[in-house]
Amino acid sequence: MAVYDSILDLIGNTPIVDVSQLSPNPKVRILAKLEGQNPAGSVKDRIAMAMIEAAESDGTLSPGRTIIEPSSGNTGIALAMICRLKGYQLKIVLPESVTVERRQMLEAFGAEIIPSPGGEGSNGAVRMAQWLADENPDWVFLYQYGNEANPTAHYNTTGPEILRDVPEITHFVAGLGTSGTLMGVGTYLKEQKPDVKIYAVEPPSGERVEGLRSLDDGYVPPVFEKWGGMELLDGKRIVRPLESLEWTRRLVSDAGIFAGPSSGAALAGAVKVAQRIDEGTIVFIVCDGGWKYLSTGAYTGDLEATADNLDKIIYF
Amino acid sequence: MLRPAAGGQSSVEAAGDTIGDVVKSLIAAHPGLETNLVDENGDVRRFVNVYVNDEDIRFLDKLDTKVADGDEVAILPAVAGG
């Protein structure tokens, strides 16, 4: 093994593991790409690094500057690790309805947390960060939902890694948050192998966030529109908390993979695809490990009660 | 999501062979929903997602998507994670 100069050199090049024991169809392989192996623990390390490097090279970010970003957790944690090493101040607008572990990780890396109302969810955090960025023009607002470096990071790294490791891929499944993973990987895969199908899985978004009172609160990330998400995706489905949890537990019990609940949702989506096709190879994204969700009871708590609990927090 | 406009109910019964018909019958029963759900052209609004048995209709046949007895239709605002 090589000796690396910095923890940041470990971002990307994540392993893929065959979890076909979870496939309902013996002719369909299901493969998990373990993004939780990134150093700050999630797929977001890739885009955090790419957004910071892009802002450095175009001159918007220079030593001593302050970065502001809304995040339900993983992007914030990844930025916090990188900012710590690079000497930037970081402020994360974090909905109050996230797990305690997320807050603790941000604090461990020295980020300042600006709480946004839990009931307004991620959309509320985006609105507050936008407002704060407007009020403080000297702060650098990376804005993952609209930053080209987000999907581009996946186009340049995640997509090529998948095709290099699984040239026989027929289907790709990932969670839809900022849409960066799906847009970047999906665009790359379809350019290289036009028959590959791209499926999005959404975490439950309705009952969960009590403050979202009206459909007018809906939000579509600019990244999704700029990268032609409507044309790129072959399907999109919502996965309920109970179903997410059941598959998160199957990942642990049947494959030994300790992942967060949104990875269970992605697996549930992959299983649905496997039921529908005759044969193929599905790659899905395990976006983070389970560590940050232990306090929810996701792995050992009563299933129904925990699903109800997950309905009230933001884990995506 | 539609509770305030649907008389406080979180789920309602609606009839129709396609999602378009279901939406029309919903609006007929709960006129307050109309501006929430559809734009001036009668299309589902951009920030609204409609699902049949958890599948987003934008990637099926949109408002022409067929529905059968017992199918579950969900109407939710688009939400971004991250």
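All values below were derived from every heavy atom in this structure, side-chain atoms included, with hydrogens, water molecules and symmetry-related copies excluded. Below, chains carry the letters A, B, ... as their sequence lines are ordered, and counting in each starts from 1.
- Taking a 6.0 Å sphere around NZ of A/Lys190, one finds it holds more than 12 heavy atoms contributed by other residues, nucleotides or ligands.
- Atom CG of B/Asn41 has more than 12 heavy atoms from other residues, nucleotides or ligands within 6.0 Å.
- A distance of 3.5 Å separates CD of A/Glu202 from OH of B/Tyr51, quoted to the nearest 0.5 Å.
- Atom CZ in B/Phe59 sits 4.5 Å away from atom CG in A/Leu233 (nearest 0.5 Å).
- The CG atom of B/Asp56 lies 9.0 Å from the CD1 atom of A/Ile238; values are rounded to the nearest 0.5 Å.
- Only the side chain of A/Glu225 comes within contact range of chain B, judged by heavy atoms closer than 4.5 Å.
- Between B/Asp54 atom CG and A/Glu243 atom CD the span is 6.5 Å, to the nearest 0.5 Å.
- B/Glu55 CD: more than 12 foreign heavy atoms inside a 6.0 Å radius.
- Of all heavy-atom pairs between A/Val220 and B/Ala78, the closest is CG2-CB, 4.1 Å.
- The neighbour count for B/Asp17 CG, taken as heavy atoms of other residues, nucleotides or ligands under 6.0 Å away, does not exceed 12.
- Rounding to the nearest 0.5 Å gives a distance of 6.0 Å between CE of A/Met230 and CZ of B/Arg58.
- In this structure, the portion of A/Asp234 lying under 4.5 Å from any heavy atom of chain B is its backbone and not its side chain.
- Environment of NZ in B/Lys66: sparse, with no more than 12 heavy atoms of neighbouring residues, nucleotides or ligands closer than 6.0 Å.
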